[in-house]
Amino acid sequence: GRPVMIHLRFTNRTAETVTLVIADFVSPLGNFAVRPEKLLLEPGQSLETEPMTSQLAGASTETPATLVLRTGGKSEKKTLALKPVAPPPPPAN
């Protein structure tokens, strides 16, 4: 299938600075080493990891993925749905 780009964005919704470690990301589209694996988020700040490319998407409309995060000495495992989003239009000249 056509290659797809997987984007992960994290937002700190607390009043404290948070160090977030992305310990694992597993999906049927591939098991990825997320880069950077550690984000420092100020209160209210959003950051995105480097996009990850997969050739395995095919005509998938929604794909489950497992994300393991660590912050403040605690680990949390979440299952989330990866959904296709149309790419932004090219910039006008």
Side-chain angles (χ1 to χ4, degrees):
R2 292 180 39 183
V4 296
M5 301 294 289
I6 300 169
H7 296 263
L8 297 176
R9 178 176 298 175
F10 300 92
T11 301
N12 179 0
R13 299 186 192 276
T14 71
E16 305 292 326
T17 299
V18 172
T19 300
L20 178 69
V21 176
I22 301 111
D24 202 12
F25 179 75
V26 179
S27 82
L29 302 180
N31 301 338
F32 299 94
V34 179
R35 299 287 180 244
E37 67 181 37
K38 185 188 288 189
L39 300 173
L40 182 66
L41 295 156
E42 299 296 329
Q45 183 181 23
S46 293
L47 290 175
E48 189 171 305
T49 61
E50 294 176 13
M52 298 166 281
T53 304
S54 175
Q55 299 283 341
L56 303 176
S60 177
T61 57
E62 190 170 300
T63 303
T66 302
L67 186 63
V68 179
L69 305 173
R70 285 195 311 256
T71 186
K74 297 179 184 176
S75 256
E76 187 173 345
K77 184 176 183 178
K78 293 280 190 183
T79 300
L80 52 106
L82 301 178
K83 298 176 185 178
V85 176
N93 292 342

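Below, each value reflects all heavy atoms present in this structure, side chains not excepted, and no hydrogens, waters or symmetry copies.
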(request) Please answer: with hydrophobic residues joined when any side-chain heavy atoms are less than 4.5 Å apart, are Val18 and Val21 in the same cluster? (result) no

(message) Contact between Leu41 and Leu47 at the side-chain level, heavy atoms closer than 4.5 Å - yes or no?
(response) yes

(request) Answer yes or no: is there a side-chain heavy-atom contact under 4.5 Å between Leu80 and Pro64? (result) no

(message) Just so I know, are the side chains of Arg35 and Thr49 near enough to count as touching, which here means a heavy-atom distance under 4.5 Å?
(response) no

(request) Give the intermediate values and the outcome of side-chain contact (heavy atoms from CB on, under 4.5 Å) for residues Asp24 and Leu67. (result) CA-CA 6 Å; Asp24 202 12; Leu67 186 63; over 6 Å; no

(message) In the structure I gave you, are the side-chain heavy atoms of Phe32 and Val26 within less than 4.5 Å of one another anywhere?
(response) no

(request) For residues Pro36 and Ile22, report the shortest heavy-atom separation together with the two atoms involved. (result) O-CD1, 3.8 Å

(request) Return yes if some donor-acceptor pair links the side-chain N/O of Thr14 with the main-chain N/O of Glu16 below 3.5 Å, else return no. (result) yes

(request) Can you measure from CG (Leu20) to CZ (Arg70) and round to the nearest 0.5 angstrom? (result) 10.0 Å

(message) Are the side chains of Val34 and Leu8 in contact, using a 4.5 Å heavy-atom criterion?
(response) yes

(message) Less than 4.5 Å apart, side chain to side chain, heavy atoms only: is that true for Phe10 and Glu48?
(response) no

(request) Using a 4.5 Å cut-off on heavy atoms from C-beta on, say whether the side chain of Ser27 contacts that of Leu82. (result) yes

(message) Can you confirm whether Lys78 sits close enough to Glu76 that some side-chain heavy atom of one is under 4.5 Å from a side-chain heavy atom of the other?
(response) yes

(message) When you measure from the side chain of Ser54 to the backbone of Leu29, do you find a donor-acceptor pair of N or O atoms at a distance under 3.5 Å?
(response) yes

(message) Treating Asn12 as the side-chain partner and Gly44 as the backbone partner, does any N or O pair qualify as donor plus acceptor under 3.5 Å?
(response) no

